[in-house]
Every structure is written in structure tokens, then in C-alpha cells.
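These notes concern the structure reproduced below.
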Amino acid sequence: MNSPATPRVTLDGVGVRYGRRTALHEVSLTLGPGVTGLLGPNGAGKSTLLRVLATASAPDTGTLSVLGLDPLTDPGRQALRRRLGYLPQNPGLPGHFTAFDFVDYVAILKEFGDREARRTEARRVLEEVGLTQDRSRRIRRLSGGIRQRVALAAAVVGHPDLLVLDEPTVGLDPEQRLRLRELIARLGEDRTVLLSTHQTEDVAALCHAVVVLDHGRVTFHGSPADLTRLARGHVWSSAERAPGALAAWRTGAGTFRNVGDPPPGAPPVDPTVEDGYLLLRHRTSRNTA
């Protein structure tokens, strides 16, 4: 078994271009076991990075090692696909399939040759995501949240060592998000999970590490606590909206919560991951302007 310090994913100078646009700029990363959150604005390169790790596309430059395999070679790519699960941002599930039939089909693609073993695996993963009661319903009749769980069930077929999840909680209501968050946390106990999200609260609740991408570059790689500390001393409360704050909003208590450079004597407020991310984005934008 890999120890917590053992890297399972290593990228060195990975670059991806689409015509004249560079989606990833020489990205170098090392990821270990557990759940790593991937944050960044739209167009930052998050989905491109996930597609590279999921072998859906190849980089133009750089090298990578995933689970000790080289996905840039045919043998390495085929071996890796047997050991990874991928949930794209828009799974495009076939509406005429039942949830069970779709997961069973994915099990065939994962090379489950024995029919009974394959069906046992399909029942297992559907139970794992809480869909035992819905497994015979056609996908087109399912809600968006349940469809997301079907797609996640397909991704975890075969106990993959690496899970690559692109916005798995998008469109979910609060209860559905909590249930899915619980499942992802459990999956991350014994494998590597890379979770792309816009929800900083998911990162704070789930992730032992966080990577921030901006304009195709890694601008932060550390723990959620490290990201939160970037905002220490830069969040304060006031009776009125503070002029010049990067962000300010009225709280339920009627005071304003401000993020930015506080005036002298301003009462500090404990920062969050979201505050640290906001300040990091501001500093990055200012440095690249």
C-alpha cells in the first residue's frame, strides 16, 4: 500500500495548446493519496488538466506519471484506463438506458468479462451511491442530482485507484451535495481523488490539499488551511460597506463583512478558504496585468 507521502500523480512541465491559445503553461504538480481540490475561474485550464490525467487528451509538452504509468505510451495509457474513474463535467448519459444498464455497460468497457461478476459490480456501485431503489428507472426520467450519482457510480466501477471528478456537485441541491460530499470523502480514504469545483465550501469540507489554476498556471498548491491563512488580517467587520474593499456584503447580523486591506483599528474576522481564494485571485490578476 502507498504511504501518505507517496506521490501517485506527477506532472512535469505539462503544456497544452489549442491553436494560438495556451490552456496549460508548463504545469508541474505532485499529488498523493486523498482528496485534492482544484479551484480556478472559468477558462483557467481545470477541465484541460483533468482530461490529460484521464487520458482523454495528450499534452503538447512535458511528461507525467500516473499510478507509476506513462499515459503518453499506448501500453501505459491502456493500463491506466483500467485503474481510473473519470466523471466529466457533462457526462452525456444515454437517456434510454436504465441506471443499471448504463453502469453494466461501463463495467463491460472496464473488461468485466463474466456476466454475473459484472452485474454484481453494477449493483455494488449503485448501492454505494445510494441508487438501489432507482437502478431500474430510465436515465431520462431521473433528476439532475440522481443523474450525477449515476455518472459517479459509473466512475467508481472496478475500485479505481484514481478518480478524476469535474464539477460533480454542480446543479445539486444542498442535501444532494452533502450526500455526494460524504461519498467522495469516503472514496478518498483509500485512493487518489482530484476534484474540480467552484464550491470553496466543498474544498474546505473535503480536501486535504488544494491546487489553484489561473490562466493555465498553478498559482497555489497547499492545504485548505494554508489558503485560508493568505486572508488572515484581510477580513474585517464594519457598520457600513468599506470603500475600497475587494468584496463586502451585509451579514445576517446587519454588519458588513469586508475582504481586502483593512483600515487601522478595524475589528478582524476569521478568514475562510473563499477569502483566501479571492485574495489570491486579486494578487494574481494584479501581477499579470
Side-chain angles (χ1 to χ4, degrees), residues 1-11 14 27 29-39 46-47 49-56 64-71 75-89 91 103 106-107 109-112 117-118 120-131 148-170 172 177-197 199 202-211 213 221-224:
M1 178 179 293
N2 289 324
S3 70
T6 303
R8 294 184 179 177
V9 177
T10 302
L11 297 89
V14 168
V27 170
L29 277 175
T30 299
L31 307 178
V35 183
T36 296
L38 182 60
L39 291 173
K46 301 190 301 298
S47 291
L49 176 59
L50 298 190
R51 285 176 58 82
V52 168
L53 292 178
T55 75
L64 60 157
S65 172
V66 184
L67 304 178
L69 301 166
D70 182 357
R77 184 163 51 251
Q78 294 302 318
L80 177 57
R81 286 174 177 173
R82 298 186 184 99
R83 298 176 60 191
L84 75 82
Y86 177 39
L87 174 60
Q89 189 171 6
V103 175
V106 172
L109 299 180
K110 285 285 187 79
E111 301 178 348
F112 276 77
R118 191 180 74 233
T120 298
E121 176 67 2
R123 287 190 289 269
R124 181 191 71 81
V125 296
L126 286 166
E127 181 180 4
E128 189 170 25
V129 301
L131 290 181
Q148 281 290 89
R149 283 195 276 167
V150 172
L152 184 59
V156 298
V157 166
H159 298 277
D161 296 309
L162 170 65
L163 270 174
V164 178
L165 308 177
D166 197 351
E167 299 284 353
T169 62
V170 66
L172 303 187
R177 186 184 303 156
L178 287 172
R179 295 298 183 191
L180 197 59
R181 187 185 291 172
E182 180 182 30
L183 174 59
I184 293 170
R186 189 165 68 247
L187 293 170
E189 291 175 1
D190 60 356
R191 68 195 82 190
T192 298
V193 180
L194 183 58
L195 167 70
S196 174
T197 181
Q199 306 291 337
D202 286 344
V203 170
L206 279 173
C207 301
H208 80 283
V210 57
V211 174
L213 275 183
H221 185 193
S223 70

Is Leu152 close to Pro168 at the side-chain level, that is, under 4.5 Å between some pair of heavy atoms?
no
Just how far is it from atom OG1 of Thr55 to atom CG of Leu64, taken to the nearest 0.5 Å?
10.0 Å
Would you sort out whether Arg177 and Asp202 count as a side chain to side chain contact (heavy atoms under 4.5 Å, CB included), showing the intermediate values?
CA-CA 9 Å; Arg177 186 184 303 156; Asp202 286 344; 3.6 Å; yes
Suppose we screen for side-chain hydrogen bond (donor to acceptor under 3.5 Å, both in side chains). Which residues come up paired with Arg179, at least two apart in sequence or across chains?
none
Supply the atom-to-atom distance Arg191 CZ to Arg8 CZ, rounded to the nearest 0.5 angstrom.
9.5 Å
Shortest non-hydrogen contact from Leu187 toward Asp190:
O-OD1, 3.2 Å
Nearest heavy-atom approach of Tyr86 to Ala56 is CE2-CB, 4.5 Å
Rounded to the nearest 0.5 Å, what separation is found between the CD atom of Gln78 and the CD atom of Glu111?
8.0 Å
Within a 6.0 Å radius of atom CD on Glu127, are there more than 12 heavy atoms belonging to other residues, nucleotides or ligands?
no
Mind checking the CG-CD spacing from Leu50 to Glu167? Nearest 0.5 Å is all I need.
9.0 Å
Before you tell me yes or no, could you show the steps for Lys46 and Asp166 under salt bridge (charged side-chain N to carboxylate O under 4.0 Å, His left out), namely the whole-Å CA-CA distance, both residues' side-chain angles and the distance that decides it to 0.1 Å?
CA-CA 8 Å; Lys46 301 190 301 298; Asp166 197 351; over 6 Å; no
Scanning both residues in full, the closest heavy-atom pair of Val103 with Val150 reads CG2-O, 4.3 Å
Got a second to check how far His221's NE2 is from Thr36's OG1, nearest 0.5 Å?
6.0 Å
Using the side chain to side chain contact (heavy atoms under 4.5 Å, CB included) rule, take Leu194 and Val9 through it: C-alpha gap first, then chi angles, then the decisive distance, then the call.
CA-CA 10 Å; Leu194 183 58; Val9 177; over 6 Å; no
Would you name the heavy atoms of Pro160 and Leu163 that are closest together and state the gap between them?
CG-CD2, 4.1 Å
Taking every non-hydrogen atom, the tightest pair across Val203 and Pro224:
O-CG, 3.9 Å
Got His208 and Pro33 here, is their nearest side-chain heavy-atom distance under 4.5 Å?
no
With the side chain counted from C-beta on, respond yes when Leu29 and Leu49 share a heavy-atom pair under 4.5 Å apart, and no when they do not.
yes
Spatial distance of atom CZ (Arg123) from atom CG (Leu131) [nearest 0.5 Å]:
15.0 Å
Is any side-chain heavy atom of Arg83 closer than 4.5 Å to one of Leu162?
no
Could you check Leu178, Leu195, Thr197 and say which one makes a side chain to side chain contact (heavy atoms under 4.5 Å, CB included) with Thr169?
Thr197
For the student: nearest non-hydrogen atoms of Val35 and Ile184, plus distance:
CG2-O, 3.9 Å
Does Leu53 reach the side chain of Leu11, with side-chain heavy atoms less than 4.5 Å apart?
yes
Salt bridge (charged side-chain N to carboxylate O under 4.0 Å, His left out) evaluation trace for Glu121 with Arg124
CA-CA 5 Å; Glu121 176 67 2; Arg124 181 191 71 81; 2.7 Å; yes
